[in-house]
Amino acid sequence: QVQLVESGGGLVQAGGSLRLSCAASGLTFSNYAMGWFRQAPGKEREFVVGLSWKGISTSYVDSVKGRFTISRDNAKNTVYLQMNSLKPEDTAVYYCAAERNLRPRLTTLLPDYWGQGTQVTVSS
């Protein structure tokens, strides 16, 4: 059974930082591109960032470029999202996602699996 378990969400002031983690189990982690989506109240879930299976190719939504950084540790079956210079508009539930994808270049993510989500709240 595949599980993606997020951690690291919380409440932070604008300009602050948070680091999200997503621990994966039940799959061959290195065969999966990984990424993060978010859903704000009253809005649709949106793609935030993706990282290829080798950890080389990335894709970021424009609104987080230069502020968020995704990384992965295949030995630990974990993907991370470092979020800096947070803004109130980053407030959302953040979901970890996995797509079985061995293509070298990643442009977006079409998830096969989802985590349960972790709340990120940025106060002004």
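The structure displayed is predicted, hence computed values, not measured ones. FYI, the numbering just counts along the sequence from 1.
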Undergrad: Tell me whether D112 contacts the main-chain N or O of R100 through its side chain, where contact means a donor paired with an acceptor under 3.5 Å.
TA: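 Yes, D112 side chain to R100 backbone: donor-acceptor pair under 3.5 Å.
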Undergrad: Quick check: do C96 and M34 have side-chain heavy atoms less than 4.5 Å from each other?
TA: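 Yes. Closest side-chain heavy atoms under 4.5 Å.
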Undergrad: Any chance you could lay out the side chain to side chain contact (heavy atoms under 4.5 Å, CB included) test for W36 and C22, step after step, and finish with the verdict?
TA: CA-CA 9 Å; W36 295 87; C22 172; 3.7 Å; yes
Undergrad: Following the transitive rule for hydrophobic clusters with a side-chain heavy-atom cut-off under 4.5 Å over Ile, Leu, Val, Met, Phe, Trp and Tyr, establish whether V61 and L20 coincide in one cluster.
TA: yes
Undergrad: Who clusters with V5? Use side-chain heavy atoms, under 4.5 angstrom, across I, L, V, M, F, W and Y, and order the result by chain and number.
TA: none
Undergrad: With the side chain counted from C-beta on, respond yes when L81 and V49 share a heavy-atom pair under 4.5 Å apart, and no when they do not.
TA: yes
Undergrad: Does a side-chain heavy-atom distance below 4.5 Å link V79 with I70?
TA: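 The answer is yes, as the side chains (C-beta and beyond) meet within the 4.5 Å cut-off.
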Undergrad: For the pair Y95 and W114, name the ring-plane relationship: parallel under 30°, tilted 30 to 60°, perpendicular over 60°.
TA: perpendicular
Undergrad: If we ignore hydrogens and angles and just use 3.5 Å, is the side chain of S57 paired with the main-chain N or O of R105 as donor and acceptor?
TA: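 Checked: no pair found.
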Undergrad: Hey, are D73 and T78 close enough side-chain-wise for a donor-acceptor pair under 3.5 Å?
TA: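 No.
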Undergrad: Over all heavy atoms of both residues, which pair between F37 and L109 is shortest? Give the atoms and the distance, please.
TA: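 That would be CZ-O, 3.6 Å.
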Undergrad: List for me each residue that meets side-chain hydrogen bond (donor to acceptor under 3.5 Å, both in side chains) alongside N74, sequence neighbours excluded, and say none if there are none.
TA: R72
Undergrad: So, D62 and K65, do they make that salt bridge, N to O below 4.0 Å?
TA: yes
Undergrad: Under the side chain to side chain contact (heavy atoms under 4.5 Å, CB included) rule, collect the residues that match up with N101, sequence neighbours excluded.
TA: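 A33, E99, R103, L106.
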Undergrad: So L4 and Y32, do their side chains get closer than 4.5 Å, heavy atoms only?
TA: no
Undergrad: Test T91 against every option in L11, V122, V120 by the side-chain contact (heavy atoms from CB on, under 4.5 Å) rule and name the one that passes.
TA: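 That would be V122; it is the only one of L11, V122, V120 passing the side-chain contact (heavy atoms from CB on, under 4.5 Å) with T91.
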Undergrad: So which atom in F47 and which in S59 form the shortest heavy-atom distance, rounded to 0.1 Å?
TA: CZ-O, 3.6 Å
Undergrad: What's the separation between atom CG in N84 and atom CZ in R19, rounded to the nearest 0.5 Å?
TA: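 CZ of R19 is found 11.0 Å from CG of N84.
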Undergrad: Return the minimal non-hydrogen interatomic distance between S52 and I56, and the atom names on each side.
TA: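 Taking S52 first and I56 second, the nearest heavy atoms are OG-N, 3.2 Å.
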Undergrad: Atom OG in S25, atom CD in Q1: separation rounded to 0.5 Å?
TA: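 Going from OG on S25 over to CD on Q1, the span is 8.0 Å.
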Undergrad: Please report the closest heavy-atom contact between V48 and F68, naming both atoms and the distance.
TA: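 Here V48 and F68 meet closest at CG1-CD2, 4.0 Å.
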Undergrad: Which value, rounded to the nearest 0.5 Å, describes the distance between S85 atom OG and R67 atom CZ?
TA: 7.0 Å
Undergrad: For residues E6 and Q116, is any side-chain donor paired with an opposing acceptor at under 3.5 Å?
TA: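 Q116 and E6 do have a side-chain donor-acceptor pair below 3.5 Å.
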Undergrad: Does a side chain donor of either R38 or Y94 reach within less than 3.5 Å of an acceptor in the other side chain?
TA: yes
Undergrad: OG of S17 to CG of L86: how many Å apart, nearest 0.5 Å?
TA: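 Output value for this atom pair is 6.0 Å.
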Undergrad: To check you understand the geometry: which heavy-atom pair defines the closest contact between W53 and L102, and what is its length?
TA: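 Scanning both residues, the minimum pair turns out to be NE1-O, 3.2 Å.
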